[in-house]
Amino acid sequence: MDTKVGTIESLDTEPSEKKKISSRKFSGGNTPSNGNHGGGGGDDRSDENKKDQTDKFNSDKYRVGMGLILLIVLMTFGSLFGAYVVLATNRALEWKPFNLPAQIWVSTLIIILSSISFEIAKNNLLQNEQKKSRQWFIVTSILGMVFIASQTLGWINLVNRGFYATGNSYAGLFYILTAVHAVHIFGGIISLIYILLKTQFVTLEDEELLRRQWFAKVIAWYWHFIGGLWIILFLLLGFYK
């Protein structure tokens with residue numbers, strides 16, 4: 001009887017010991033879990049670093065992308081300017097220059113004013129004056145449209161005076177140069193419309209504001225670059241015949 005009781009006691013004891021051991025193993029198993037949770041803090045920092053890298057990459061993407069666009073534009077106009085200089089110095093019989101229409105002078109003034117208004121709009125946006133910047137972006141967009149309208153009136157004026165693209169190399173290059181430039185101005189106006197749509201409402205988010213500021217910066221590079229090309233074009237057509 002005693003043996004049986006001892007046996008029962010031993011049987012009762014062994015499971016309890018097993019429970020203790022398993023509980024120790026279980027509690028010990030929590031330690032790596034806590035360690036992993038602590039490591040999760042490192043993952044949070046890693047996520048923040050990734051976010052910073054993403055923001056930096058976005059700004060670099062804007063700059064690199066616009067740099068490539070400006071390079072293509074420069075190559076396009078460089079080849080056209082080169083062709084103009086070659087034909088102007090070649091003294092070909094079909095090279096018959098004419099006085100620039102008044103609209104070209106007006107267009108030059110408009111493009112200068114548009115660069116000034118764009119710069120004011122961009123600086124206001126950088127200073128978080130979002131409503132003021134939107135107003136100046138509207139002014140710049142209107143000036144861009146007036147520029148294209150002035151160019152159109154200039155072409156109509158020349159056609160009425162009997163200057164056509166055929167039979168006169170100077171007239172042909174005049175139409176090509178001014179038309180290609182007008183297309184690039186139109187591209188700038190589309191970008192301005194996009195800015196106006198993005199700035200339709202004031203944002204309180206730093207990330208969104210930063211995105212708008214960067215976009216305005218790179219479009220400002222484009223707009224001023226196209227404006228500078230127009231000045232060169234104007235000097236060539238008007239004073240290098």
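What you see is a predicted model; the values in this text were computed from it and never measured. What you see below is based on every heavy atom in this structure, not just the backbone, and it leaves out hydrogens, waters and symmetry mates.
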I want to know whether F174 and F98 have ring centres closer than 6.0 Å. yes
Are V86 and L235 linked, directly or through intermediate hydrophobic residues, by side-chain heavy-atom contacts shorter than 4.5 Å (ILVMFWY only)? no
Who are the side chain to side chain contact (heavy atoms under 4.5 Å, CB included) partners of L74, not counting sequence neighbours? F225
Evaluate the side-chain proximity of L233 to L229: yes if any heavy-atom separation is below 4.5 Å, no if none is. no
Does the side-chain contact (heavy atoms from CB on, under 4.5 Å) test come out yes or no for L173 and L237, once each step is laid out? CA-CA 9 Å; L173 279 175; L237 293 174; 5.8 Å; no
To the nearest 0.5 angstrom, please state how far the CG atom of L192 sits from the OG atom of S141. 4.0 Å
Any chance you could pull the hydrophobic cluster mates of L71, using side-chain heavy atoms under 4.5 angstrom and chaining through other members? M75
L236-I231 co-clustered via ILVMFWY side chain contacts under 4.5 Å: yes
For a quick test of reading the model, state the closest non-hydrogen atom pair linking A182 to I148 and the distance between them. O-CD1, 4.1 Å
Hey, could you give me each pair passing ring pair (Phe, Tyr, Trp, His ring centres under 6.0 Å) that has a residue in residues 177-208? Not counting sequence neighbours. F77-H184, F147-H181, H181-W230, Y194-F215
What do you reckon, is CG of N160 surrounded by more than 12 foreign heavy atoms closer than 6.0 Å? yes
Would you say NZ of K132 has more than 12 non-hydrogen atoms from neighbouring residues, nucleotides or ligands within 6.0 angstrom? no
Are the side chains of S169 and K96 in contact, using a 4.5 Å heavy-atom criterion? no
Tell me every residue that passes ring pair (Phe, Tyr, Trp, His ring centres under 6.0 Å) with W221, counting only those two or more places apart in sequence or in another chain. none
Is the shortest heavy-atom distance from the side chain of E129 to the side chain of N123 under 4.5 Å? no
For L204, does the CG atom have more than 12 heavy-atom neighbours from other residues, nucleotides or ligands under 6.0 Å away? no
Can a donor-acceptor pair be found between the side chains of T140 and S117 at a distance below 3.5 Å? yes
Would you give the length of the straight line joining atom CZ of R134 to atom CD of Q200, rounded to the nearest 0.5 angstrom? 5.5 Å
Please test Q151 against I104 for side-chain contact (heavy atoms from CB on, under 4.5 Å), starting from the C-alpha separation and ending with a verdict. CA-CA 7 Å; Q151 290 293 92; I104 299 301; 3.5 Å; yes
Atom CD1 in I226, atom OH in Y222: separation rounded to 0.5 Å? 4.0 Å
Nearest 0.5 Å, please: how far is CG in L125 from OG in S133? 4.5 Å
Taking the side chain as every heavy atom from C-beta outward, state whether L209 and E205 have any atom pair closer than 4.5 Å. no
What pair of heavy atoms forms the shortest contact from I185 to G144, and how long is it? CG2-O, 4.0 Å
Are Y62 and W214 near enough that their ring centres are under 6.0 Å apart? no
Is there a path of hydrophobic side-chain contacts, each under 4.5 Å between heavy atoms of I/L/V/M/F/W/Y residues, joining V183 to I72? no
Residues K122, E119; criterion side-chain contact (heavy atoms from CB on, under 4.5 Å); working and verdict: CA-CA 5 Å; K122 185 196 71 175; E119 194 66 18; 3.0 Å; yes
Value for CG (L143) from CG (L113), rounded to nearest 0.5 Å, stands at 6.0 Å
Sorted by first residue and then second, give each salt bridge (charged side-chain N to carboxylate O under 4.0 Å, His left out) pair with at least one member in residues 219-234; sequence neighbours left out. none
Run the side chain to side chain donor-acceptor pair (under 3.5 Å) test against W155 and tell me which residues pass, sequence neighbours left out. T178
Could you pull out all residues at least two apart from S150 that satisfy side chain to side chain contact (heavy atoms under 4.5 Å, CB included)? Q103, V106, S107, I110
Let me confirm one number: the OG1-CG distance from T203 to L210, rounded to the nearest 0.5 Å. 11.0 Å
Check the pair F118, V139 against side-chain contact (heavy atoms from CB on, under 4.5 Å), reporting the backbone distance first and the verdict last. CA-CA 8 Å; F118 200 120; V139 172; over 6 Å; no
Using the side chain to side chain donor-acceptor pair (under 3.5 Å) criterion, which residues pair with T199? Sequence neighbours excluded. none
For residues 76-85, pull every pair meeting side-chain hydrogen bond (donor to acceptor under 3.5 Å, both in side chains), keeping only residues two or more places apart or in separate chains. none
Just jot down the side chain to side chain donor-acceptor pair (under 3.5 Å) partners of R212, sequence neighbours excluded, or say none. Q130, E208
Report whether L196 and V202 are members of the same hydrophobic cluster (ILVMFWY, side-chain heavy atoms less than 4.5 Å apart, transitive linking). no
My understanding is that only residues two or more places apart in sequence, or in another chain, count here; which of them pass side chain to side chain contact (heavy atoms under 4.5 Å, CB included) with Y164? V159, T166
Is there side-chain contact between F163 and Y170, with heavy atoms separated by less than 4.5 Å? no
With clusters defined by side-chain heavy atoms of hydrophobic residues (ILVMFWY) lying less than 4.5 Å apart, directly or transitively, does I111 cluster with I138? yes
Side chain to side chain contact (heavy atoms under 4.5 Å, CB included) filter on I193, not counting sequence neighbours, yields I189, L197
